[in-house]
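Only one structure is covered here, and it is reproduced in the block below.
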Amino acid sequence: MIHLQDIQRVLRGRIAINEPMNRYTSIRIGGPADFLLEPADREDAVRLLSHFQENGTPFTMIGKGSNMLISDEGIRGTVVHLEPGLNSVAMDGDLVNAGAGIPMARFVDFCVQQGLSGVEMLAGIPGTIGGGVWMNAGAYGGEISTYLVDVEVMRSGAIIRIPKDQVGFTYRHAPLGEAVVLGARFRLPAGDKAELMRARRELLIRRNRAQPVNMPNSGSMFKNPPANHAARLIEEAGLKGTKRGNAEISTLHANFIVNHGGAKARDVVELLELAHATVLRRTGTRLELEIKLVGFGENIYEEIYA
């Protein structure tokens, strides 16, 4: 439980009460959060997070709200929106130092302009560096952790840097526990700027043709199982175009659920349940969620995986 007066003493940034979370999620779904806090800058973010961690105050982190589905009832508690306050990117010697709140697209653009290669596959991925590190985001065979040097986190009120080899990255996961990502540093190989710009452009075209980027969505809903693709299994199950309310399993990419306007979180959950159950019945493959479910009852994952 937080007290508004305490937060006002700690935070210089924005405080919103009963803030609709559909404004902050890429699928444009989500009920209100009791409190939404936006640190003004890095110093503000560090002070707020330290206050919460030292006092054991629970909170939910959000960047651009991709790979996340928030319930229609919203979030009972506090949401910290880091994108406005931690959105810097700069060279740190021969390293690229990116704040957790910087959008992935801006990070890729910066690297390309510096003539640095290795992150072009991230072009077009919605989300921020913090979220990307947290879930080891990737595409087309590459992962954000490949050229990572270290991750700067806040843990138990202290700022520490964790070297890449101590994080324990796996497919779409970084086991960081209760730590909050503040930023990350990368060492990238040099490349030809013109060639990098061409590669980025081609990847964006490829993504735009294959994914419903012009409709609200949360990105890939399920992780790809070993030696297979979730989208292929869902499509082969005949579920492309299946609707619940105004939510639909995309006709363009079956591992995406799109919001046609006014879709509810419960509509999306029903489609997730359907996709999981149908693929399991047909193939014996258990699909694992890639998105994070927030604000639901504690049995929501058991409900989907039943």
Side-chain angles (χ1 to χ4, degrees), residues 1-19 21 24-25 30-65 67-68 70-71 73-90 92 97-102 127-136 145 148-169 173-185 292-298:
M1 182 70 178
I2 72 169
H3 299 285
L4 185 58
Q5 295 85 353
D6 292 339
I7 298 305
Q8 289 172 330
R9 284 193 290 267
V10 173
L11 183 72
R12 289 186 287 105
R14 175 172 173 255
I15 301 173
I17 300 173
N18 293 326
E19 184 77 350
M21 294 307 297
Y24 300 87
T25 59
D34 290 342
F35 295 95
L36 181 124
L37 311 178
E38 290 184 339
D41 50 31
R42 176 187 166 85
E43 178 185 1
D44 209 21
V46 167
R47 186 169 52 251
L48 176 68
L49 295 171
S50 178
H51 173 80
F52 279 173
Q53 290 184 348
E54 289 173 356
N55 288 279
T57 305
F59 58 94
T60 299
M61 298 296 307
I62 188 170
K64 292 192 75 67
N67 290 99
M68 173 181 287
I70 296 176
S71 76
E73 288 71 35
I75 301 173
R76 301 286 66 76
T78 303
V79 175
V80 178
H81 185 213
L82 283 183
E83 184 183 359
L86 291 174
N87 60 4
S88 64
V89 60
D92 180 4
N97 191 355
I102 189 169
T128 60
I129 286 293
V133 169
W134 189 265
M135 65 168 294
N136 196 17
S145 61
L148 185 74
V149 173
D150 54 30
V151 183
E152 184 183 44
V153 304
M154 173 160 281
R155 177 182 287 158
S156 302
I159 299 174
I160 60 174
R161 285 194 180 274
I162 307 176
K164 168 187 171 178
D165 58 4
Q166 294 181 21
V167 174
F169 285 102
H173 182 60
L176 292 168
E178 298 301 314
V180 176
V181 176
L182 298 177
R185 297 192 300 180
K292 180 180 179 182
L293 305 180
V294 180
F296 295 86
E298 59 184 22

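Applying the 6.0 Å contact sphere to CD of Q8 captures more than 12 heavy atoms from other residues, nucleotides or ligands. For NZ of K64, the number of neighbouring non-hydrogen atoms (other residues, nucleotides, ligands) closer than 6.0 Å is 12 at most.
A33 approaches M21 most closely through the heavy-atom pair CB-SD, 3.7 Å. Heavy atoms only, all atoms of each residue included: L4 and F35 are closest at CD1-CE2, 4.1 Å. The heavy-atom pair separating N87 from E83 by the smallest distance is CB-O, 3.3 Å. Minimum interatomic distance between I129 and A98 (heavy atoms only, all atoms of both residues): CG1-CB, 4.1 Å. Nearest heavy-atom pair across F169 and A174 is CE2-CB, 3.5 Å. Across all their heavy atoms, E19 and A16 have their closest contact at OE1-CB, 3.6 Å.
A distance-only check finds no donor-acceptor pair linking the side chain of H81 to the backbone of M61 [under 3.5 Å]. Within the 3.5 Å criterion, the main-chain N or O of P84 finds no donor-acceptor partner in the side chain of E38. Side chain of D44 to backbone of G13: a donor-acceptor contact under 3.5 angstrom is found. Counting only distance, with no hydrogens or angles, the side chain of R185 and the backbone of D150 share no donor-acceptor pair below 3.5 Å.
To the nearest 0.5 Å, the span separating CZ on R155 from CD1 on I160 amounts to 4.5 Å. Note: N18 CG to L36 CG = 11.0 Å, rounded to the nearest 0.5 Å. Between the OG1 atom of T128 and the CG atom of L82 there is a distance of 8.0 Å, given to the nearest 0.5 Å. The distance from atom CD of E152 to atom CG of L86, rounded to the nearest 0.5 Å, is 9.0 Å. The structure places CG of D6 at 8.0 Å from CG of N55, a figure rounded to the nearest 0.5 Å. The OG1 atom of T25 sits 9.0 Å away from the CE atom of M68 when rounded to the nearest 0.5 Å.
Between F52 and V10, the closest side-chain pair of non-hydrogen atoms is not below 4.5 Å. You'll find the side chain of I162 reaches within 4.5 Å of the side chain of L176, heavy atoms only. Side-chain contact between L182 and L49 is present, with heavy atoms from C-beta onward closer than 4.5 Å. The shortest distance between side-chain heavy atoms of P39 and L11 falls below 4.5 Å. D34 places none of its side-chain heavy atoms less than 4.5 Å from the side chain of I75.
The side-chain hydrogen bond (donor to acceptor under 3.5 Å, both in side chains) test with S50 singles out one residue from Q53, R47, E54, and that residue is E54.
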